[in-house]
There are 2 protein chains.
Amino acid sequence: MMSKLLVVDDDLDMLSLVRAALEKDGHQIDTEADAATVQPARCRLYDLLLFDVMMPDKDGFSLCRRIRAEVDCPILFLTAKAEEAALVQGFGLGADDYIKKPFSIAELRARVNAHLRREVRQPTRTLSRGGVRFDIQAKVAIAGEHTLPFTKGEYAICEHLALHAGQVFTKEQLYEAVFGCEAEGDPSAVAEHIKNIRAKLKADAISPIETVWGVGYKWRKSSVL
Amino acid sequence: MMSKLLVVDDDLDMLSLVRAALEKDGHQIDTEADAATVQPARCRLYDLLLFDVMMPDKDGFSLCRRIRAEVDCPILFLTAKAEEAALVQGFGLGADDYIKKPFSIAELRARVNAHLRREVRQPTRTLSRGGVRFDIQAKVAIAGEHTLPFTKGEYAICEHLALHAGQVFTKEQLYEAVFGCEAEGDPSAVAEHIKNIRAKLKADAISPIETVWGVGYKWRKSSVL
DNA sequence: TCGTTTCCTTATAAAATCCTTAAAAATAGC
DNA sequence: GCTATTTTTAAGGATTTTATAAGGAAACGA
């Protein structure tokens with residue numbers, strides 16, 4: 001079972017050390033030394049994220065804060081900061097583990113694999129929301145018997161809304177979440193996509209996307225949690 | 001979000017310590033001193049399991065081995081065994097975390113909650129005041145069973161008042177707090193919104209907004225915090 | 001290269017909200 | 001009880017935001 005991991009650390013020695021350790025388990029490792037360049041959209045491509053807390057340009061905490069809302073995969077901190085307060089803060093931001101330096105290679109591998117194992121066991125491969133079933137892997141949405149003829153962008157918006165059902169997104173946020181940081185796209189482009197999505201869902205008599213006047217759009221949250 | 005946890009440890013002091021710590025987070029804690037009596041079927045009733053590794057009759061590892069196949073919930077080890085080999089063995093048996101004694105209460109709580117959070121999908125942050133429940137993320141107010149049909153401005157005023165229950169705000173302050181610094185808006189505009197809010201709350205027979213004559217409005221502070 | 005699909009822009013219509021105005025009701029002080 | 005001030009209520013228009021439709025640019029595959 002190969003997983004894709006992203007490791008962010010300004011210490012290049014540490015990067016190569018971690019890379020070597022985790023590649024032993026058959027994972028594909030991408031590394032990044034500059035935290036400031038890491039975008040939420042990129043993080044969504046990975047199965048697990050590993051951040052150093054102390055980095056010169058942008059610390060791991062603020063990076064985590066920035067992406068946690070849009071990224072579901074486990075986020076692990078690597079840190080020399082052993083203080084309890086920092087640890088609690090890290091978990092409070094939605095982190096999944098907090099590995100104190102100096103750590104043993106064996107412990108790192110064991111913890112990373114434990115988190116990956118849990119992800120696989122609990123497959124988010126497919127989720128059903130409001131009458132639409134999403135196959136995250138295949139990037140197709142199914143309603144009733146037939147697959148919805150979504151374009152790529154339509155599917156992306158749809159999936160993002162459904163994944164965060166109940167949360168309101170502005171047009172700008174949606175555009176950025178789906179197409180990346182260059183949010184120059186006119187908000188009305190998003191409106192156009194929403195229209196098309198609704199039209200395609202109308203054939204199945206479902207309309208899970210609500211407009212929140214003056215704010216944006218949201219996927220209707222099902223009553224059952 | 002209340003979860004059910006089972007803590008197994010032969011040390012009774014440790015049991016009460018852990019129980020006290022985790023009950024602070026609103027969880028329901030069951031404890032068990034005798035590992036030999038813990039059956040897989042029982043473990044299935046819980047959202048998270050916390051085992052001590054070193055126990056006289058039956059150690060936590062063998063307990064984990066016995067139940068892992070039948071239990072999906074996170075299993076955390078509490079242990080004084082700091083050796084790397086034991087840690088790797090624990091993860092190898094399907095454990096999800098490994099907390100080394102002596103641990104801080106804060107770390108225990110942070111780690112337990114991190115695992116629970118991942119199990120239950122995104123607990124919504126919500127506060128309840130005077131019969132109205134606010135979903136801050138979704139920007140939705142709920143009374144009883146149905147969501148209140150607030151407009152954006154109405155919701156904003158409502159949330160601001162409820163968030164600072166008991167504090168009086170002038171119309172100007174409210175307008176500025178909700179719509180920004182350009183508080184040129186006529187005070188009567190706020191009065192209009194207050195009227196509409198009250199009208200919508202009237203259907204549920206609640207009126208938490210009080211008029212402070214000559215000053216402004218405030219959200220009635222409930223006796224119980 | 002051509003044709004198709006997807007995406008973005010523009011323009012217009014429609015809808016909802018917000019603000020203003022004015023009159024009625026309530027309050028506090030005398 | 002009377003008056004001045006403040007709040008409540010009601011209705012209308014102005015403004016803002018969204019929905020819809022149509023056209024053109026850009027990307028993609030054959």
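To find a chain, count down the sequence lines: A is the first, B the second, and so on, and within it residues start at 1.
For the pair A/E172 CD and C/dC8 P, the interatomic distance rounds to 14 Å; values are reported in whole Å. Spacing between atom CG of A/N196 and atom C1' of C/dT9 amounts to 14 Å, rounded to whole angstrom units. Remark: P of D/dT7 and CG of B/L174 are 12 Å apart, rounded to the nearest angstrom. Rounded to whole Å, atom P of C/dT17 lies 14 Å from atom CD1 of B/I157. The separation between B/K171 atom NZ and D/dT7 atom C1' is 6 Å, rounded to whole Å. If you measure from atom CD1 of A/I197 to atom C1' of D/dA19, you get 14 Å, rounded to the nearest angstrom. When the P atom of C/dC19 is taken as reference, atom NZ of B/K152 falls 11 Å away, rounded to whole Å. B/H193 places its NE2 atom 7 Å from the C1' atom of C/dC19, with the value rounded to the nearest Å.
Heavy atoms of B/F150 sit nowhere under 4.0 angstrom from any nucleic acid atom.
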For this session: Report the C-alpha distance between B/T211 and B/R198 in whole Å, list the side-chain angles of each, state the deciding distance to 0.1 Å, and finish with yes or no for side-chain hydrogen bond (donor to acceptor under 3.5 Å, both in side chains).
Result: CA-CA 11 Å; B/T211 301; B/R198 281 174 168 158; 2.7 Å; yes
For this session: Kindly indicate, with the supporting measurements, whether the criterion side chain to side chain contact (heavy atoms under 4.5 Å, CB included) is fulfilled by A/L174 and A/L161.
Result: CA-CA 8 Å; A/L174 272 177; A/L161 284 171; 4.0 Å; yes
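With C/dA28, C/dT20, C/dC18 as the choices, the nucleotide that has an atom nearest any side-chain atom of B/W213 turns out to be C/dA28. For A/E192, whose side chain is taken as the heavy atoms from C-beta onward, the closest listed nucleotide among D/dT7, D/dA22, C/dT17 is D/dA22. Of the candidate nucleotides C/dT9, C/dA26, C/dT21, C/dT21 has the atom nearest to the side chain of B/S188. Closest to the A/K195 side chain, of the nucleotides D/dT7, D/dT20, C/dC18, is D/dT20. If you check D/dT7, C/dC18, C/dC19 against the side chain of B/T211, the one that comes closest is D/dT7.
Bending across the helix from C/dC8-D/dG23 to C/dC30-D/dG1, expressed as the angle between its end axes from five pairs apiece, amounts to 30° (10° rounding).
Taken to the nearest 0.5 Å, the CZ atom of B/R19 stands 9.5 Å off from the CD atom of B/Q28.
The nearest heavy atom of DNA chain D to B/R198 and to A/Y217 marks one nucleotide each, and the one closer to the 5' end goes with B/R198.
A donor-acceptor contact closer than 3.5 angstrom links the side chains of A/N113 and A/H27.
If you look at A/F77 and A/F61, their ring centroids are closer than 6.0 Å.
OP1 or OP2 of C/dC18 has not a single side-chain nitrogen or oxygen of B/Y175 nearer than 4.0 Å.
Both the sub-6.0 Å distance and the 45° axial angle are satisfied by B/K4 relative to the ring of B/Y46.
For the side chain to side chain contact (heavy atoms under 4.5 Å, CB included) test with B/L5, the passing option among B/V112, B/L50, B/D30 is B/V112; the others fail.
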